[in-house]
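Atom set for the values below is all heavy atoms of this structure, side chains included, hydrogens, waters and symmetry mates excluded. Every chain is numbered from 1 and lettered A, B, ... according to where its sequence line falls, protein lines coming before strand lines. Quantities reported herein were computed from a predicted structural model and do not represent experimental measurements.
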Protein chains: 2
Amino acid sequence: MVQKTPERSVNRMIEQATPLKNRLLNCMPLELQSRLIPKLKMMSLEQGSVVHEAGASLTHVYFPIDSIISLLHVLENGTTAEVSVIGNEGMIGVSVFMGGNNAQNQAIALTTGTVFQMSAIHFRDEFNQPDAVFRMLLLRYSQALITQMAQTVVCNRHHSIEQQLSRWLLMASDRLPHNDIIMTHELIASMLGVRREGITASAHKLKEVGAIDYHRGHIMIVDRIKLEKMSCECYLVVKRETDRLLPCHSVESPESVDTTSNWGSMISSGLHAKCISRV
Amino acid sequence: MVQKTPERSVNRMIEQATPLKNRLLNCMPLELQSRLIPKLKMMSLEQGSVVHEAGASLTHVYFPIDSIISLLHVLENGTTAEVSVIGNEGMIGVSVFMGGNNAQNQAIALTTGTVFQMSAIHFRDEFNQPDAVFRMLLLRYSQALITQMAQTVVCNRHHSIEQQLSRWLLMASDRLPHNDIIMTHELIASMLGVRREGITASAHKLKEVGAIDYHRGHIMIVDRIKLEKMSCECYLVVKRETDRLLPCHSVESPESVDTTSNWGSMISSGLHAKCISRV
DNA sequence: TCCTCTTTGTACGATAACGCACAGACGGAC
DNA sequence: GTCCGTCTGTGCGTTATCGTACAAAGAGGA
C-alpha cells in the first residue's frame, strides 16, 4: 500500500529540503521546523494507494509534498464523492488532534508523489506544547479545510459538472509541481461523484474553448484564465481564504504573497528539483 | 437583530439552569461550568434573525439552548445552501478559536428560541488555558461539525430531495424540545438549496406514508422510524459520530447514552421548564 | 364576516444528469 | 509490428429537478 524510501537517504533528503516543501510546515518558525524534521519520514505514494481507510484509527499524519490526496466518502451503495482535496498546503489526519482519532473518510493518493509522514504520538506531543505556535497554525489550517468543505457543499448543490470540473482541475493544478494532471476521466468522475461520461463531455468542451488539453490520462491546463472563467466562484473563494489563513512566504518564492499565484509553481521553481529525488 | 433579556433575571435563570442546557457546556466538569456561567448571557433569538453575517469578524460565540441555528452559504447569484445546522449539541463561532476569526458563512436562527452568548475574548481566554479540558472538548465538537459538513457534501451529491428532507427534519427534531417544527416549506427549501415546490412534493409524500404531518408552517413527526427509513444513511452517520465525540450524560437524562435518543427530549424533560422562561 | 396575505398544491415544458451500450482510438507488452 | 487492455467518444431513452405560472386553502386583522 504505502511504500517507503530507504531511511538513510531519506533523512539526508529532508535535511537538504529545508525549508520544508509543505506549506504548512514551511509556515513554522525555523526552530520549530528543526525540532520537527527528525520526526518526519519522507515517503512515496503510488497513485491509488490508500493512506488510511474510512473509520481507521490513525497512527500517522501526512504532509503532502508533491502529491494530491483526496478525502473520499464511500456511501453504502458504493457511490463516492470527494469531501476534500489536500496537497502541499495541508495535511492528512486532522482528527488526530481534533479528537476521536478516527478518520471518517478514506484518504487516497490521486497522484504518485511524496509526502512527509509523522507519527500521531509525536504530532500530538507537539500539538499540546504550551508554546501554541504549532497548535495555532494547525487550527488555522483546519479552518481552511472547513472552508473548502463548506464550499463543496454548495458547489455540489448548485453548479454544473463543467463548472465543478474546472474548479477541480484548478485545485489539482495548484497542488502539483508541473502542468500534467495524470488522471483519467474515470478517476475525476469518482471524485466529483458523477458519471465518467459527464466528465468526458465537459472536458471535451473545455478543450474546444481552449482552456485545457488532454490525452489518454493526461490533462494540461493551456489557458488558466479561461479555465477560471469556466469555473464557479467556489475555486477562488477557497483559494483566497486558504491564502488568508496560511500566509506563509517560503524562502525561495517571495511572490507567494500574490493571492492569484499558483502554489504548484512555488514548488516547481527553486530548490525543489535539487532536493527531492522522485522515487 | 438579536434581542436581549434584562440582565438581572438572566443571571438568576442561568444559575438555576445548571447543568447547562447545552450539551457542549454540559459535558464540562462542574468547576469549569461554574467558571463559565458568569461569562454567559442568555438571550432570545427570533426566527430569521441573523446571528452573524458572512465575512463578519466575530465578537461573540453562541451556545444554542432550544433554538436551531443554520450556517447558510449565499452564492453570488443569491441562491443558498445550508452548510451546517446547529442546536443544543454545539455552538456558533468555531472560527473564534480555529483562527482567522472571520465567519465564512451567515448564521441565521431557524426557530425562535434561546441561546447562551459569550464574548469571543472570554472564550479565547478559556480556550488557551493550560488545562486543556475546554479546548479538547471544543476540538471534539469541531470534529463533529466537520463530519456533518462532509456528510452534507455527499448527501447533496447523491440523495433525493425526499431523502434529504427526511434527514433534515430528523436533525431539526433532535434539536428541538417539542415535536413542532415551526417552518414553512419555503424556509426548508432555502436551507436545502432546492425549490419550494420540491419540498412541498416530498413533504406531501412523507405525509401520505404517515411519517410526518404538517399544516401551514408547522411540521410534526408522527412516525420517527418511518421517517428514518425514508431518510438516507447520512442522518445516522452524523448522529452516531456526534454521540461518539460528545458522550455527555446530563444529570437529568441518563437515557441519553442511547444513541437513538432524541437530544431534544433531553431538554424538554427535567429542569428545563422550571429554569428557563421563554422570552 | 370579510378581506388580504401567506402558505401550500398542481401543472407543464425545459434541462441537466443518469444508466446503459458500444464503437473507436491509443499505447504498452510481447 | 501486432495484440489487447484501457481510455475516450457518442448515442439514446429515462429520470429528477428546475423555472414558471397560477389556483386553492388557511389565518389573522379590520
Let me check something: any side-chain donor-acceptor pairs from residues 190-206 of chain B under 3.5 Å, sequence neighbours excluded? List them with distances.
{"from": "B:Ser190", "atom 1": "OG", "to": "B:Leu187", "atom 2": "O", "distance (Å)": "2.8"}
{"from": "B:Arg196", "atom 1": "NH1", "to": "B:Thr200", "atom 2": "OG1", "distance (Å)": "2.9"}
{"from": "B:Thr200", "atom 1": "OG1", "to": "B:His185", "atom 2": "ND1", "distance (Å)": "3.0"}
{"from": "B:Thr200", "atom 1": "OG1", "to": "B:Arg196", "atom 2": "O", "distance (Å)": "3.3"}
{"from": "B:Ser202", "atom 1": "OG", "to": "B:Gly198", "atom 2": "O", "distance (Å)": "3.1"}

Which pairs of donor and acceptor atoms, one on a side chain in residues 208-223 of chain A, lie under 3.5 Å apart (sequence neighbours left out)?
{"from": "A:His218", "atom 1": "ND1", "to": "A:Asp180", "atom 2": "OD1", "distance (Å)": "2.9"}
{"from": "A:His218", "atom 1": "ND1", "to": "A:Asp180", "atom 2": "OD2", "distance (Å)": "3.1"}
{"from": "A:Asp223", "atom 1": "OD1", "to": "A:Ile225", "atom 2": "N", "distance (Å)": "3.2"}
{"from": "A:Asp223", "atom 1": "OD1", "to": "A:Lys226", "atom 2": "N", "distance (Å)": "3.1"}

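When all heavy atoms of B:Pro64 and B:Val115 are compared, the pair lying nearest together is CA-CG1, 3.7 Å. Closest of all the heavy-atom pairs between A:Val237 and A:Gln151 is CG1-OE1, 3.1 Å. Scanning all heavy atoms of the two residues, the minimum distance from A:Gln164 to A:Cys155 falls at NE2-O, 3.4 Å. In this structure, A:Gln47 and A:Leu110 approach most closely via the heavy-atom pair NE2-O, 2.6 Å. Looking at every heavy atom in both residues, B:Ser67 comes nearest to B:Thr114 through OG-O, 3.3 Å. Heavy-atom minimum distance, A:Glu76 versus B:Glu233: N-OE2, 3.0 Å.
A heavy-atom distance below 4.5 Å is not found between the side chains of A:Val83 and B:Ile146. Considering only heavy atoms from C-beta on, A:Val85 comes within 4.5 Å of A:Gln148 through its side chain. Side-chain contact between B:Thr147 and B:Thr242: absent, with no pair of heavy atoms (C-beta onward) separated by less than 4.5 Å.
Across residues 154-169 of chain B, B:Ser160, B:Ile161 each have a non-hydrogen atom less than 4.0 Å from an atom of DNA chain D (numbered order). Contacts of residues 194-217 of chain A with DNA chain C (heavy atom under 4.0 Å): A:Val194, A:Arg195, A:Glu197, A:His215, A:Arg216.
The terminal axes of the helix from C:dT1-D:dA30 to C:dC30-D:dG1, fitted over 5 pairs per end, subtend an angle of 30° to the nearest 10°.
B:Arg175 and B:Thr111 form no side-chain donor-acceptor contact under 3.5 Å, judged by distance and modelled atom types alone.
A 4.0 Å heavy-atom criterion places the boundary nucleotides of DNA chain C facing chain B at C:dT6 to C:dT10, written 5' to 3'.
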